[in-house]
Amino acid sequence: MTEIKQEFLKCMRCGNCQAVCPIYKETKMEAEVARGKIQLIKGVTEGVLKPTEYLAEKIATCLTCLACQENCPSGVNYEKILLYGRDYLAKENGLPPVKKAIFKVLRKPKLFNFGLKMASRFQGLALKKVKGRPGRKLRFGLIEDYENRLLPEFSKETLVEKARSKQIPGKEKLLYFPGCMINNVYVNVGEAVIEVLQHNGAQVIVPEKQSCCGTPARVHGDIESAKSLGRYVIDTYLAVDADYVITSCSTCGVTLRQGYVELFIDEPEYLEKAKKLAEKTRDINEYLVEKGFIKPKKLNLKVTYHDPCHLNRKLKVNKQPREILKALAGENFGEMKKPAACCGGAGSFSLTHYPLSKAIGKKKALDIIETGAEVVATSCPGCMLQLNDALAKEGSNIKVVHVAELLAEGYK
Amino acid sequence: MEALAKLQKILGSGKIKTQPEELFVYGYDATAGLKNQMPLAVVFPESAGEVVEIVKWANEYKIPLYPRGSGTNLSGGTIPAANGVVVELNRLNKILEIDLDNLTATVEPGVIINDLNEAVKPYGLIYPPDPGTVATATMGGSVAECSGGLRGLKYGVTKHYIMGVEAVIGTGELLKFGGKTVKNVTGYDLPALMVGSEGTLGIITKIIVKLIPAPKAKKSFLAVFNSIDDAGNAIAEIIKNRVIPATLEIMDQTTIRTVEKFKKIGLPVNAQAILLVETDGYPEQVEMEAKIIRQVLEKNRGEVSEAQNEEEREKLWEARRAALPALAQVSPTTVLEDATVPRSQVPAMLKKLKEIGEKYNLTIGTFGHAGDGNLHPTILTDETNREEWQRVEKAVEEIFKAALELGGTLSGEHGIGMAKNRFLPWEMGEAGVNLLKRLKLAFDPNNILNPGKMA
Ligand SMILES: Cc1cc2nc3c(=O)[nH]c(=O)nc-3n(C[C@H](O)[C@H](O)[C@H](O)COP(=O)(O)OP(=O)(O)OC[C@H]3O[C@@H](n4cnc5c(N)ncnc54)[C@H](O)[C@@H]3O)c2cc1C
Ligand code: SF4
Ligand code: SF4
């Protein structure tokens, strides 16, 4: 508590966060910028405000993009305060019933994977194909305007299933952690990651036991689910003696590298293990540049890059993907206006706050279109989902890819 | 409550908030050490007409109104009373016109200063007032505070750029003052009166500003001094030599050490002061002035480095930009003052600040706009430490006294608001304060607009 008090005090209420907060730029509401949310959390934990649903909703109105934190002159750890606030409210109010149900399933990897498997079979019932575009739309609306969101197709075969037949030996032994989205939806990204790593001489293993990394539960205050998933992932990925663990999703990467260490701070056994896993984990871009990746052939494509928030701000991986893209596109690589501005996806935020998410995505799409690029690369499946939807809404045909997919292309 | 129900009806939904969570976040601004005060409601007008309706409503029910922009002021200017309604103007945020023939821009009050500058940049123009909050502060808020900034010495402050104002005064009348003409002596100089009026005379709904051509070239210097006197003499001498730099900033030892601790950019921690000087204009003029600046700095035993390119310039300025952020990280509460003295008294004021810090056993880091005498003594403290907070309050009083004794003023750019109004008589006398009060009543007979601020 005293630690969080210090953090509250550090905020001098200068309002600098207004300049960079994508949500504030849309809504202009003080309760939705970091300064306001910090004061609300301070207010409720000090008992000046009641832990209402309304307050919980304000605290939920955040992309956790951390642009505010990066721009804060006082060095306020906004993320810490936000998570503290969400935990506090989850304890006081409980989780909203929908999220509770979701996390309950998430917590049981087998049930979750089975559910996703079923989803791939039955997606046709709820999702209709969209002509001329890779993806589907909901047949009926549950959330305001959500029926118009372009959603990716669930893959018939998960990455784990596909990877079984792709084993080849190599000099370094890598364990790949694809995460839910790549294992089930953007399976082609996972395949590209494996190809690229193999091309660079590594042996790549995708463990059979896959699960969610736990962060979606963590950021909504369901710490028990997050921990149970964390232990599962840690045990799975420490069971094999590998040189590195590779991630290709911004969120999963941050979770393995930093999140588990914070999550298990009071659990010595898993804290030790979490540290061990953190040391071994590398984002795919980071690994390739660290090892001096084999130069690909040049692709004749105009490319731009979108920085996933957490990969950029928390793991500071931003130069590496650009190095790879420049190797592929040379002079044809160009920056967009604000490459590090959040795309508005932010995991389940795009589900729970679709209109806002869409407005933020629109700005991103316009910045991408302005560059004249044919392809926008990024390093996170969550961003890919959002960018695909945002660009489609603008009627653009710019292709959204993971850096690994382009590199795989360059190795062909 | 009947009054609120009526207001709701006038505005329609979405433009009024009464949930405690919404009210709570309009109960503060950037001022340190003030209690959060929740208002009755917050309203978000989207047109001047709606502002008129709100003010008329307030007169009917005798409910005070508290105009607000981005809430970044440092004098408690936006803090409401419990029975008041906050009028948030950030939805009135259109740039209405950029007039290239008359070099003016017409904006709504919610436009962010930087956004105006971005909009006029393609035409080779600038709007010079540049408070530290250019990326967040609204035009309305900065007009109401008469904000200054880094370029005050050469380019002046907000008041030098405001040609016309449209405002709803306390009676609910929508009036236009001034316009696009450079010359205008019709009636009293009312646009000037609105600038710095801190929301007490009218709610500004439109602003006509003067734009100027952007300077073509720039040159920046950083000079390190081992004595405050040398630095002070250098400041005075640069100006005596008829060179008016765009910026002339100072950082004292406490600030230098703090910046170095947090940023590690290689600042000399044993130096007594650092001066940062930038000249701008046509290349030939910049060359000439740069020569004089360098000579003066060196003559006064300054160790001079000059930025050779944009990258080096950014590096030099990094130290200055880091001043407040670094100081703010040292302690929980940062009290940022802006007592201002005539330029010639800067060395005397710096010495006085050092004495005050020692007397009350407080850490005071001082940096600021040395060229225009606007210093920012920054007290590093903890508002929850009651005993220390009392010492802080005493020190602040003494800082004001010192500034006044040296022929200066309580506030150069941060405003009076509710943080400094009890000191007004020290500078203006009772008669002066009474005149302010009568002026206010002429605009706002029922004391509806931002009561409790200024006088
Ligand atoms: C880190 C930091 C650095 C700063 N640096 C500087 C600096 O270098 N120079 C400087 O001068 N100031 C500085 N300031 C102070 C502050 O940023 C300025 O005063 C700013 O212009 C206020 O703008 P705002 O939109 O936040 O106004 P607010 O704080 O919302 O309001 C300020 C005052 O204006 C009134 N007001 C707002 N809008 C209207 C309107 N439409 N009509 C009538 N009245 C209105 C309010 O009632 C209040 O009295 C700094 C502040 C911070 C936190
Ligand atoms: S920028 Fe940092 S210190 Fe300033 S209001 Fe936002 S969180 Fe607080
Ligand atoms: S994390 Fe992003 S969305 Fe959330 S308050 Fe900070 S800047 Fe705004």
Side-chain angles (χ1 to χ4, degrees), chain A residues 2 4-21 24-44 46-61 67-68 70-77 85 89 337-338, chain B residues 17 19-34 36 38 42 44 68-74 78 86 88-93 110 112-115 132-138 141 262 321-336 378 382-384:
Chain A
T2 47
I4 205 79
K5 262 192 183 152
Q6 284 301 319
E7 220 50 59
F8 286 145
L9 274 172
K10 258 204 224 159
C11 173
M12 57 172 176
R13 300 189 307 266
C14 66
N16 269 19
C17 36
Q18 291 176 354
V20 292
C21 175
Y24 185 77
K25 283 209 188 298
E26 294 301 324
T27 68
K28 298 238 161 205
M29 295 297 289
E30 179 74 18
E32 288 165 7
V33 72
R35 177 171 74 169
K37 282 178 269 200
I38 291 170
Q39 295 308 317
L40 287 178
I41 295 169
K42 181 167 180 267
V44 72
E46 285 174 355
V48 189
L49 291 169
K50 293 200 188 73
T52 57
E53 284 290 319
Y54 195 88
L55 199 139
E57 168 51 27
K58 292 292 134 189
I59 305 303
T61 310
C68 50
E70 187 181 59
N71 195 45
C72 173
S74 295
V76 173
N77 188 336
L89 287 170
K337 220 184 265 156
K338 291 181 190 160
Chain B
K17 296 275 178 199
Q19 298 85 343
E21 296 81 2
E22 298 284 1
L23 303 181
F24 191 72
V25 295
Y26 294 90
Y28 56 78
D29 53 31
T31 317
L34 296 178
N36 184 317
M38 280 157 73
V42 187
F44 303 84
R68 181 178 171 108
S70 294
T72 69
N73 78 87
L74 296 164
T78 53
V86 168
E88 171 58 81
L89 292 140
N90 65 11
R91 290 190 189 173
L92 278 166
N93 63 351
I112 306 298
I113 305 173
N114 239 6
D115 291 347
T133 43
V134 275
T136 51
T138 64
F262 283 94
R321 270 198 302 270
L324 180 59
L327 289 169
Q329 289 189 36
V330 174
S331 61
T333 313
T334 313
V335 179
L336 179 63
T378 304
D382 179 351
E383 60 191 300
T384 59

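Heavy-atom basis, side chains included; hydrogens, waters and symmetry copies ignored. Chain identifiers are assigned alphabetically (A, B, ...) following the order of the sequence lines, protein sequences preceding nucleic acid strands; residue numbering begins at 1 within each chain.
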Sorted by first residue and then second, give each salt bridge (charged side-chain N to carboxylate O under 4.0 Å, His left out) pair with at least one member in residues 321-331 of chain B; sequence neighbours left out.
B:E314-B:R321

For the backbone of B:T31 and the side chain of A:R13, can you confirm whether one donor and one acceptor N or O come within less than 3.5 Å of each other?
yes

Given a strict heavy-atom distance threshold of 4.5 Å, which part of B:I112 is in contact with chain A: side chain, backbone, both, or neither?
side chain

What residue in B:D382, B:N90, B:T72 has the most heavy-atom pairs under 4.5 Å with chain A?
B:N90

If I measure from the heavy atoms of chain A, does B:D29 come under 4.5 Å with its side chain, its backbone, both, or neither?
backbone

Going by side chain to side chain contact (heavy atoms under 4.5 Å, CB included), name the residues that satisfy it together with A:P73, two or more places apart in sequence or in a different chain.
A:M12, A:C14, A:N16, B:P325

Would you say that B:E21 contacts A:E57 through its side chain, given a criterion of any heavy-atom pair below 4.5 Å between the two side chains?
no

So which atom in B:P332 and which in A:Q6 form the shortest heavy-atom distance, rounded to 0.1 Å?
CG-OE1, 4.4 Å

Quick check: closest heavy atoms across B:V25 and A:E30, and the distance to 0.1 Å?
O-CG, 3.2 Å

Going from CD on B:E22 to CE on A:M29, what distance comes out if it is rounded to the nearest 0.5 angstrom?
4.0 Å

Proximity breakdown for A:L55 and chain B, heavy-atom pairs closer than 4.5 Å
both

Atom NZ of A:K338 with >12 non-hydrogen neighbours under 6.0 angstrom
no

Under 4.5 Å from any heavy atom of chain A - which part of B:F44
side chain

Chain B contact via A:V48 - which portion, at a heavy-atom distance below 4.5 Å
side chain

Which answer fits A:K28, side chain, backbone, both or neither, if we ask what part of it has an atom under 4.5 Å from a heavy atom of chain B?
both

Can you tell which of A:R35, A:K37, A:K50, A:Q39 has the highest number of heavy-atom pairs within less than 4.5 Å of chain B?
A:R35

Top contributor to chain B contacts, counting heavy-atom pairs under 4.5 Å, from A:V20, A:V33, A:L49
A:L49

Distance (rounded to the nearest 0.5 Å) between A:L40 CG and B:F24 CZ
7.0 Å

I'd like to know which of B:S70, B:P20, B:A328 tops the heavy-atom pair count under 4.5 Å against chain A.
B:S70

Can you tell which of A:T52, A:V76, A:V44 has the highest number of heavy-atom pairs within less than 4.5 Å of chain B?
A:T52

Part of B:A135 lying under 4.5 Å from any heavy atom of chain A
both

